[in-house]
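In this chain, residues are counted from 1 in sequence order. Nothing here was measured: the structure is a model prediction, and the numbers come from that model.
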Amino acid sequence: MDIERKEQLAHRGKMDVKASAIRVKAARYTSGYEKQQEFARACGISKTSYNNIEKGLQFPNRDVMKYLYRAHRIDFNFVMNGDFAQLPADVQQSLFEALERANNEWDQTQG
């Protein structure tokens, strides 16, 4: 996959709630969680709060970003801005697969 496609999938440079919702959802998949409820519990937040993040109604909070960084090496720069260059190679590989899925799901729910 070329760099332009990676930047497109990660919505690099976009800091709106839609872009962060897609990135957080991809991070959830990369972390091995299919269900929002399980991921929310691991982050220490309510399912409702987490669901609002994935719907693009609110930005990810510190608890989500802290959990992603400490447990899965996905940092704030990726979650909020789509910067992926500093992420470990194994994390990047699985994230881009998950970003394809998350972007497609967003398009289906919005279309």
Next item on the list: Measure the shortest side-chain to side-chain distance between Asn61 and Val64 over non-hydrogen atoms and say whether it is less than 4.5 angstrom.
Entry: yes
Check: Nearest heavy-atom pair of Gln86 and Asn77: which atoms, and what distance?
Finding: NE2-CB, 3.4 Å
Notebook entry, point to check: At what distance, to the nearest 0.5 angstrom, does CD of Glu54 lie from OG of Ser20?
Noted result: 10.5 Å
Notebook entry, point to check: Residues in side chain to side chain donor-acceptor pair (under 3.5 Å) with Glu38, at least two apart?
Noted result: none
Notebook entry, point to check: For atom CD of Gln93, is the number of surrounding heavy atoms from other residues, nucleotides or ligands below 6.0 Å larger than 12?
Noted result: no
Note to self: Looking at every non-hydrogen atom in both residues, tell me the closest pair between Ala26 and Ala102 and how far apart they are.
What the structure shows: N-CB, 4.0 Å
Notebook entry, point to check: Got Phe78 and Leu87 here, is their nearest side-chain heavy-atom distance under 4.5 Å?
Noted result: yes
Item checked: Lys14, NZ atom: more than 12 neighbouring heavy atoms under 6.0 Å -> no
Item checked: Check against side chain to side chain contact (heavy atoms under 4.5 Å, CB included), Phe84 and Glu7 -> CA-CA 9 Å; Phe84 53 84; Glu7 289 178 345; 4.0 Å; yes
Next item on the list: Return the minimal non-hydrogen interatomic distance between Pro60 and Val24, and the atom names on each side.
Entry: CG-CG2, 3.4 Å
Notebook entry, point to check: What residues form a side chain to side chain donor-acceptor pair (under 3.5 Å) with Asp2, not counting sequence neighbours?
Noted result: none
Notebook entry, point to check: Linking I/L/V/M/F/W/Y whenever any side-chain heavy atoms sit under 4.5 Å apart, do Tyr50 and Tyr29 land together?
Noted result: no
Check: How many angstroms lie between CG in Asp63 and CG in Leu68, if you round to the nearest 0.5 Å?
Finding: 11.0 Å
Next item on the list: Please name the pair of heavy atoms, one in Phe96 and one in Ala10, separated by the smallest distance, quoted to 0.1 Å.
Entry: CE2-CB, 4.4 Å
Check: Within a strict 4.5 Å, meaning less than it, do heavy atoms of the Glu100 and Arg5 side chains meet?
Finding: yes
Next item on the list: Hey, could you give me the CE/CZ distance between Met15 and Arg23, rounded to the nearest 0.5 Å?
Entry: 8.0 Å
Next item on the list: Taking all non-hydrogen atoms of both residues into account, name the closest pair between Ser94 and Thr30 and its distance.
Entry: OG-CG2, 3.1 Å
Notebook entry, point to check: Any side-chain donor-acceptor pair under 3.5 Å between His11 and Asp16?
Noted result: no
Notebook entry, point to check: Taking the side chain as C-beta and beyond, is there a heavy-atom pair between Gln37 and Arg41 under 4.5 Å?
Noted result: yes
Checklist line | Results of side-chain contact (heavy atoms from CB on, under 4.5 Å) for Asn104 - residues two or more places apart only | finding: none
Item checked: Nearest-0.5 Å distance, CZ of residue Arg12 to NZ of residue Lys6 -> 12.5 Å
Checklist line | Nearest-0.5 Å distance that lies between atom CZ in Arg28 and atom CD1 in Ile53 | finding: 11.0 Å
Margin query: In this structure, would Tyr69 and Leu99 fall into the same cluster of hydrophobic residues linked by side-chain contacts under 4.5 Å?
Written below: no
Check: Quick one: do Phe59 and Leu57 end up in the same hydrophobic cluster if we chain Ile, Leu, Val, Met, Phe, Trp and Tyr together by side-chain heavy atoms under 4.5 Å apart?
Finding: no
Margin query: I need the Arg73 CZ to Ser31 OG distance, nearest 0.5 Å.
Written below: 10.5 Å
Item checked: Heavy-atom closest contact (Ser46 atom, Ala40 atom, distance) -> O-CB, 3.8 Å
